[in-house]
There are 2 protein chains.
Amino acid sequence: MTKIKNMEEFAALSGISRPTVSKYFHDPDSVRPTTRARIEEALERFDYRPNIYAINQNRKLTKNIGIVVPYLADPFFAEIARYLEQSCIAAGYRPSLFSSHGEQKLENEILDSLRSLKPAGVLLAPLGRASDQSAIEKFCADVPTVLFDSNLDGMGAAFIGSDNFSFVSQTVEYMTRTGEPPSFFEMRTPANPNANKRRIAYVDVMERLGFEPHIIKIDGTGWAFEEIGRQGARKVLEERSLRTDSVLCSNDRLAIGFLAACYEQGIRVGRKEDCTLRLASNDDHPFAKFTCPSLTTAAHDYDNVAARSVETLFELIESGGKFEKRTETLFPARLVLRESA
Amino acid sequence: MTKIKNMEEFAALSGISRPTVSKYFHDPDSVRPTTRARIEEALERFDYRPNIYAINQNRKLTKNIGIVVPYLADPFFAEIARYLEQSCIAAGYRPSLFSSHGEQKLENEILDSLRSLKPAGVLLAPLGRASDQSAIEKFCADVPTVLFDSNLDGMGAAFIGSDNFSFVSQTVEYMTRTGEPPSFFEMRTPANPNANKRRIAYVDVMERLGFEPHIIKIDGTGWAFEEIGRQGARKVLEERSLRTDSVLCSNDRLAIGFLAACYEQGIRVGRKEDCTLRLASNDDHPFAKFTCPSLTTAAHDYDNVAARSVETLFELIESGGKFEKRTETLFPARLVLRESA
DNA sequence: ATAAAAACTTTACGCGCGTTAAATTTAATG
DNA sequence: CATTAAATTTAACGCGCGTAAAGTTTTTAT
């Protein structure tokens with residue numbers, strides 16, 4: 001089988017002129033069906049692919065899409081990234097995946113290198129508090145960007161995420177309905193803006209239900225939430241400073257640490273008779289099913305968040321990179337009842 | 001500040017000729033220090049970056065490196081990918097990360113799209129049994145590739161991974177020394193070749209120590225190991241077909257499922273007096289620290305596997321993409337004693 | 001059948017940079 | 001200061017493809 005060097009050669013072999021072949025690769029539907037058939041026939045015989053670099057050099061708009069998540073070692077982001085990737089591919093784009101690994105420096109570097117990729121658009125889940133706001137603002141001014149998961153005021157052309165109020169109200173109401181109203185367990189300085197919204201929602205819901213909110217703030221920085229949660233829970237349990245027999249964690253990864261601490265101290269968690277503590281949480285982390293006991297939690301609407309994010313990005317790209325006004329789309333949570341509460 | 005369009009313009013502004021500027025970007029040390037200083041000064045003032053696509057169009061060897069892992073939702077691979085990424089960046093390369101998400105079709109597509117990226121080299125952790133061997137073989141013939149984590153006979157220029165024998169012998173010996181010799185718990189048709197090596201090592205070590213091996217094979221396919229492990233453990237526990245009070249799982253993700261099943265059934269796991277089962281495993285998964293009880297396991301030498309992988313790839317690239325002969329490098333495990341055994 | 005529209009071919013230029021060869025400048029050496 | 005070696009400049013070509021203009025063929029509509 002002959003090795004094809006370039007489109008010229010391939011065009012000759014397929015019996016179609018190069019400009020038409022070029023047009024075909026840009027959009028197969030833009031050529032006559034008979035022409036298309038001939039090209040695709042040749043494609044089967046010769047296995048030619050246009051040179052990516054040459055293609056993108058002259059196109060104002062590449063077919064690249066950048067996907068940036070704050071922390072890929074968190075399976076939650078790995079899952080959502082997977083969905084985003086595949087949606088992009090299905091729509092004929094080339095996604096590239098990046099993780100900021102929790103570091104501002106890295107997030108900035110990624111945005112920098114993304115810029116030179118000249119992407120058609122970017123799906124960005126920012127670090128949050130740790131983000132370099134001005135860097136992100138500048139980036140969004142140059143590149144059509146849709147924010148997801150973690151909102152930064154006014155940045156990007158749109159935001160798609162989960163409705164933290166829905167998360168917390170469902171978990172709080174459930175716990176209140178079936179037992180004592182929960183305390184709220186969170187990091188003192190959370191990395192993610194969702195955490196702040198959840199705290200506010202907790203206070204709000206508790207007051208609405210006529211209970212006094214009780215917030216437990218634990219120390220620790222970084223993205224090792226499980227360890228932070230465990231240390232914090234140990235301290236709380238040892239000091240016996242827990243005022244309630246039910247706790248709502250800000251997120252599942254903290255809860256995983258909390259459960260580990262309980263297990264260490266022989267505290268049985270769950271709603272069975274021999275249990276002294278009920279624990280619920282938010283996110284429905286992929287591992288929440290396998291904790292001991294399994295974790296009652298409010299689940300993200302993964303599929304909708306991901307689907308709407310890419311849809312929005314595609315709309316943005318088609319509108320030339322700008323929306324009339326920034327929109328924020330929030331999807332409600334789904335309560336997942338398991339053993340822990 | 002002026003917007004710079006191309007290298008011509010930037011060269012003019014910096015007062016250096018374009019070919020020299022080009023040389024600088026290829027290797028800053030290849031120009032005279034005074035020249036370098038002038039370029040870098042201009043770089044500060046004007047913030048210009050060469051167009052990636054134009055750069056790579058004419059270079060036989062790009063500065064791209066592909067990193068492919070079988071399943072990114074497994075934090076183990078996310079962690080190792082992070083290390084690999086950063087090593088590549090430090091060496092002046094541009095890594096791009098891909099996950100096969102456990103699917104052969106996707107792995108093939110990744111290799112295809114990687115080909116058109118014309119990477120200087122690729123770090124590939126293949127799916128294993130599910131891989132399309134001939135596709136990978138062809139790919140490795142065209143692109144300098146180093147395999148890691150999961151070995152495929154004769155493929156790639158080198159393999160770097162962990163010594164499964166070291167893993168299993170340490171866990172088996174420890175369990176034997178401190179209690180009953182363990183049964184071995186694994187999937188009937190494991191996705192990963194390491195699993196086979198571990199089974200063989202188990203049999204080998206048991207016989208060497210004078211014990212009869214006992215292997216429990218459970219059903220299930222795919223990459224949802226935790227769920228497979230739980231289902232399998234449930235069955236074993238319900239049928240009371242466990243012949244020993246100690247079990248060695250082929251990998252941590254299965255063990256996580258096993259522990260969940262034990263918890264459900266009220267079986268206490270650990271080496272304390274009230275425990276009826278000891279469970280150990282292999283991999284030292286990022287979550288192994290947070291299971292209940294925490295998991296005794298054999299840890300990969302993450303850092304060395306990752307470091308050696310990139311080192312080897314760089315050597316490969318410098319040798320022009322071919323080694324005299326294929327090498328296999330295996331790093332021993334480190335036993336991590338926790339609560340489960 | 002004829003006119004108009006649509007698709008295709010031919011020709012040719014440009015993108016931004018790699019790269020090479022010859023001419024020139026600068027630095028290093030004795 | 002003269003001699004060499006090394007670095008830089010100038011000039012020019014090519015990479016593979018996008019794309020535009022003008023001419024030709026095919027399809028669709030009347």
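Protein chains get the first letters and strands the later ones, always in sequence-line order, with residue 1 at the start of each.
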task: With sequence neighbours excluded, give me every ring-ring contact (aromatic ring centres under 6.0 Å, His included) pair touching residues 5-26 of chain A.
output: A/Phe10-A/Tyr48, A/Phe25-A/Tyr48

message: Just to verify, what does B/Glu311 make a salt bridge (Lys or Arg N to Asp or Glu O under 4.0 Å) with, not counting sequence neighbours?
response: B/Arg308

Pairwise distance OG(B/Ser162) to NE2(B/His300) - rounded to 0.5 angstrom: 4.5 Å

Among B/Phe98, B/Trp223, B/Phe77, the one residue meeting ring pair (Phe, Tyr, Trp, His ring centres under 6.0 Å) with B/Tyr71: B/Trp223

- request: Return the set of residues passing side chain to side chain contact (heavy atoms under 4.5 Å, CB included) with B/Ser17 (not counting sequence neighbours), or none when no residue passes.
  value: B/Pro19, B/Thr20

task: Measure from CD1 on B/Ile16 to C1' on C/dT26 and round the result to the nearest Å.
output: 12 Å

query: So which pairs with a foot in residues 76-89 of chain B pass side chain to side chain donor-acceptor pair (under 3.5 Å), sequence neighbours left out?
result: A/His101-B/Glu85

- line: Given protein heavy atoms under 4.0 Å, the one-letter contact record of nucleotides 10-17 of chain C, with B base, S sugar-phosphate only and - none, is simply BBB-BBBB

Quick one: side chains of residues 115-129 of chain B, donor-acceptor pairs under 3.5 Å with protein atoms, not counting sequence neighbours, listed by atom name and distance.
residue	atom	partner	partner atom	Å
B/Arg115	NH1	B/Asp142	OD2	2.3
B/Ser116	OG	B/Ser113	O	2.9
B/Arg129	NE	B/Pro190	O	2.8
B/Arg129	NH2	B/Thr189	O	3.3

Scan nucleotides 28-30 of chain D against the protein and return all N/O pairs shorter than 3.5 Å with their distances rounded to 0.1 Å.
none

query: Going by an N to O cut-off under 4.0 Å, is there a salt bridge joining A/Asp132 and A/Lys105?
result: no

task: Using the test salt bridge (Lys or Arg N to Asp or Glu O under 4.0 Å), find all partners of B/Glu40 that sit at least two apart in sequence or belong to another chain.
output: B/Arg36

Under 3.5 Å, sequence neighbours excluded: what are the donor-acceptor pairs made by side chains of residues 146-156 of chain B?
residue	atom	partner	partner atom	Å
B/Asn151	OD1	B/Arg326	NH2	2.9
B/Asn151	ND2	B/Glu328	OE1	3.4
B/Asn151	ND2	B/Glu328	OE2	3.1

task: Specify the separation, in whole Å, of atom CD1 of B/Ile52 and atom P of C/dG18.
output: 12 Å

message: Any non-hydrogen side-chain atom of B/Phe139 less than 4.5 Å from a side-chain atom of B/Asn108?
response: no

task: Mind grabbing the angle between the end helix axes of the helix from C/dA1-D/dT30 to C/dG30-D/dC1? Five pairs an end, 10° rounding.
output: 10°

statement: By ring pair (Phe, Tyr, Trp, His ring centres under 6.0 Å), A/Phe331 pairs with (sequence neighbours left out) none

message: Under 4.0 Å, heavy atom to any atom of DNA chain C: which of residues 23-41 of chain A qualify?
response: A/Val31, A/Arg32, A/Thr35

- request: For residues A/Gly15 and A/Arg38, report the shortest heavy-atom separation together with the two atoms involved.
  value: O-NH2, 3.1 Å

